[in-house]
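A short worksheet on the structure shown next.
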Number of protein chains: 4
Amino acid sequence: MALNTGERVRASAVKLFAGKGFHGTGIRDLAQAAKISSASLYHYMGTKEELLAGIMRECLERLLLAASRLPGEDPPERLAALVALHVLTHATQPDRTRVVDHELHVLSAAARRGIVRLRDEYEDLWTVAIEDGIRAGSFHDGQPGVTRLALIEMCNGVSRWYSPRGPLSLEELADHYARLANRMLGGRENDFSIVVGQVRSVVSTVWKKPL
Amino acid sequence: MALNTGERVRASAVKLFAGKGFHGTGIRDLAQAAKISSASLYHYMGTKEELLAGIMRECLERLLLAASRLPGEDPPERLAALVALHVLTHATQPDRTRVVDHELHVLSAAARRGIVRLRDEYEDLWTVAIEDGIRAGSFHDGQPGVTRLALIEMCNGVSRWYSPRGPLSLEELADHYARLANRMLGGRENDFSIVVGQVRSVVSTVWKKPL
Amino acid sequence: MALNTGERVRASAVKLFAGKGFHGTGIRDLAQAAKISSASLYHYMGTKEELLAGIMRECLERLLLAASRLPGEDPPERLAALVALHVLTHATQPDRTRVVDHELHVLSAAARRGIVRLRDEYEDLWTVAIEDGIRAGSFHDGQPGVTRLALIEMCNGVSRWYSPRGPLSLEELADHYARLANRMLGGRENDFSIVVGQVRSVVSTVWKKPL
Amino acid sequence: MALNTGERVRASAVKLFAGKGFHGTGIRDLAQAAKISSASLYHYMGTKEELLAGIMRECLERLLLAASRLPGEDPPERLAALVALHVLTHATQPDRTRVVDHELHVLSAAARRGIVRLRDEYEDLWTVAIEDGIRAGSFHDGQPGVTRLALIEMCNGVSRWYSPRGPLSLEELADHYARLANRMLGGRENDFSIVVGQVRSVVSTVWKKPL
DNA sequence: AATGAATGAGAGTTCATTCAT
DNA sequence: GATGAATGAACTCTCATTCAT
């Protein structure tokens, strides 16, 4: 848990960007949080914007990496896995995910492109899962495109309120969201606790290595 | 539709705060967008923060005003009305609602209190509707508190992607979301188009007067 | 002689850029010299580089304006007039001319282009005068291109040492340089005092209006 | 020609100071050009200002050394030798000489004193040669002090434009300047090619050893 | 000999805000 | 009602320099 300076810079940035926004966070705030001088910051980062982009990219890459290791035989389980992945990531990495979800508009067009590509790649996984489920007759929904957006936004919200010190365990949280998602798509009521357990281990593996 | 100067200031602020964030928007940006000098801005606003708080307060007050005029006899219809209100407001006032949903952290503790009170008052309406539905046996859900949060976040997302120039009409949008919400709560599949139509007229009345 | 703020800014910049160089002059130095805050500077200038480019452009434009009003029937008189113009301008505006002569390299390529164009336009007048003199048999020189460069550099130097409080009057200075130039080009020994007197009045007219 | 690190540092400094000025050249620019880290720079130099002063001193010392070996029996030949020395030095060492001629104002008073003493010692040689020539009746000029300044500035200019890849050989260049100088002082038209040749060999000897 | 890490000071520029006109 | 002028504070970022390794 003892972070080196470079890690401390990034960790501080994640926390501050999440709490006060990119533009609300000054370079001196970052320096103070990382316990170095503002000049020294620049040994560990390029510009402030590059720091932001790096944080976003890394978060999305871990999300995609985790997604590539997801269980899920049939579409309902596949979607449950995606929901669990998204919810667990947002619950355990609320700062990072808030930054990804809220600060995209800050990036220059050039930097944004790369991030948006990753995000689109990730969202495509949802699209495919939903369409597969409808084609297979497991899901019934008149507006799958809209529903996908609704699903993702619903899950994004988790990072804004979930607390591990609250009454809900991570598994209960993910399980409940998987049920909600399944209901939204008209799936048969089901228990996704096994899938959730598997996803939870994927998520914790993917986020284990130093950030 | 010809706005006077004060309205133009507020309208510019709404657009800019939504697009670039409060801290990303400079007083000079506001002045330029409102087509007056930055010094003149201060005839139409207090501080920049008060301008933001005013925008938020007004938006929430209109939301509450609309909520007080909502139809809905039984809980499922009542909830459908709340969902439609939320979705239609977010679809027709995407800039305002984005500001309300994203910039709360900017406010000082004192200013935030007032806004949070309004927001809580509004969210309580959802809590009541959901609990009523469960008590009446119309809804079945193991985590109504969580589900309420999920519902609201899901609906918030609309302001980030809905376009009236897209394939979906406002009614179709609201109707679909009402169905999704109903499913999430385990309600009986239903058609909420009448409620949606009524809510739509409430929303457009509430937002008619000069902003 | 009472300068307004904008003029004071420019006058301070001229003096400081000449004395310490562009990069050696800080924005806070400028502000202090102009007796305003560094923030207020920016009401009177664009960037520091634009301030420099503006100073250079204005100086060259006045030089060209004066050149367009020069006397000089035959080539030797014409050249004497150019020499007198150059010398008198460098002697009476040593700061401005030093900036023009020394700080070109700090300008960005884009800004430099405009300045170089003016400078080339001005130097062309010398080329023409020398070539005319050679063609007319008044001058005899094997390397007129090189000699032109030598002449101009020789005259540039005046801004580095001439003092009106020294033993030499402006007329004597200009007259002597006109003779030197004439000798360099192998012209017949001559008295250019009338031309010098005329040029002096052109120079003082051109620099009279507020800077 | 393979420079060791210390030589590379100085050579890089010469080129950068000449091209962008002392204040326009950062310690990081120097390090990059010398292909070492900026910390390592400080093994090969004192402060940046000392580096500059060292470059200037060395250049002037070589100039004085060369001047002590100059040919020239009578004053016109003596002056021709000085002009050739100055021109050839500026043509073959344009970066060094530009630094000497342009960056004096950067030095602190203490450091400047030493440099100015060398420069004055060198310029005295010119004064003596000119006065000797006038006394001997070889030169005729009403303002020998001014003419000396004009001569030196004229020759300084060479470093700003001469290119060995241009049409003029070093000998032709120096020869032409010697003629110009001789004319400026009213000397009898003469051929200085022998003197120039001798000076050229002095100059190349003086600059041969590693810098 | 070489450098990554570190920093106080300062760079140019913009900030939100005030006020006399 | 409108604004040019003004500013202290703050912005992001770079400066020249030092030092432990």
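Every chain is numbered from 1 and lettered A, B, ... according to where its sequence line falls, protein lines coming before strand lines.
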Notebook entry, point to check: Of A:T47 and D:H23, whose closest DNA chain F nucleotide lies nearer the 5' terminus?
Noted result: A:T47

Margin query: In this structure, how many angstroms lie between the P atom of E:dT18 and the NE2 atom of B:H43, rounded?
Written below: 12 Å

Notebook entry, point to check: Could you give the CD-to-C1' distance, from D:E49 to F:dA16, as a whole number of Å?
Noted result: 12 Å

Next item on the list: Tell me, yes or no, whether the heavy-atom count around B:Q32 atom CD, taken from other residues, nucleotides or ligands under 6.0 Å, exceeds 12.
Entry: no

Check: Between D:S40 and E:dA1, does any side-chain N or O lie under 4.0 Å from OP1 or OP2?
Finding: no

Check: So which nucleotide does E:dT21 pair with, by the Watson-Crick or G-U wobble rule with both distances under 3.5 Å?
Finding: F:dA2

Check: In terms of the nearest nucleotide of DNA chain E, which residue is placed more toward the 5' end: C:G26 or B:A39?
Finding: C:G26

Notebook entry, point to check: Rounded to whole angstrom units, what separation is found between the CE atom of D:M45 and the C1' atom of F:dA16?
Noted result: 8 Å

Next item on the list: Would you mind reporting whether D:M45 and D:L41 have side-chain heavy atoms less than 4.5 Å apart?
Entry: yes

Checklist line | Between C1' of E:dA1 and CD1 of D:I36, the distance in whole Å | finding: 10 Å

Next item on the list: Go through F:dC13, F:dA9, E:dT13 for me and flag the one nearest to the A:K48 side chain.
Entry: F:dC13

Checklist line | Length of the CZ-P vector between B:R28 and E:dT13, whole Å | finding: 14 Å

Next item on the list: Could you state the atom-to-atom distance from CG of C:L41 to C1' of F:dA5 in whole Å?
Entry: 13 Å

Checklist line | Out of F:dG1, F:dA6, E:dT13, whichever nucleotide has its closest atom nearest the side chain of C:Y42 | finding: E:dT13

Next item on the list: May I have the distance from C:I27 (atom CD1) to F:dT7 (atom P), rounded to whole angstrom?
Entry: 15 Å

Margin query: Checking base pairs now: Watson-Crick or wobble, both atom distances under 3.5 Å. What partners F:dA16?
Written below: E:dT7

Check: Of the candidate nucleotides E:dA16, F:dA5, F:dT12, which contains the atom at the shortest distance from the side chain of C:Y44?
Finding: F:dA5

Check: For F:dC11, does OP1 or OP2 lie under 4.0 Å from any side-chain N or O of A:S38?
Finding: no

Check: When you measure from the side chain of A:R96 to the backbone N and O of A:C59, does any donor-acceptor pair fall under 3.5 Å?
Finding: no

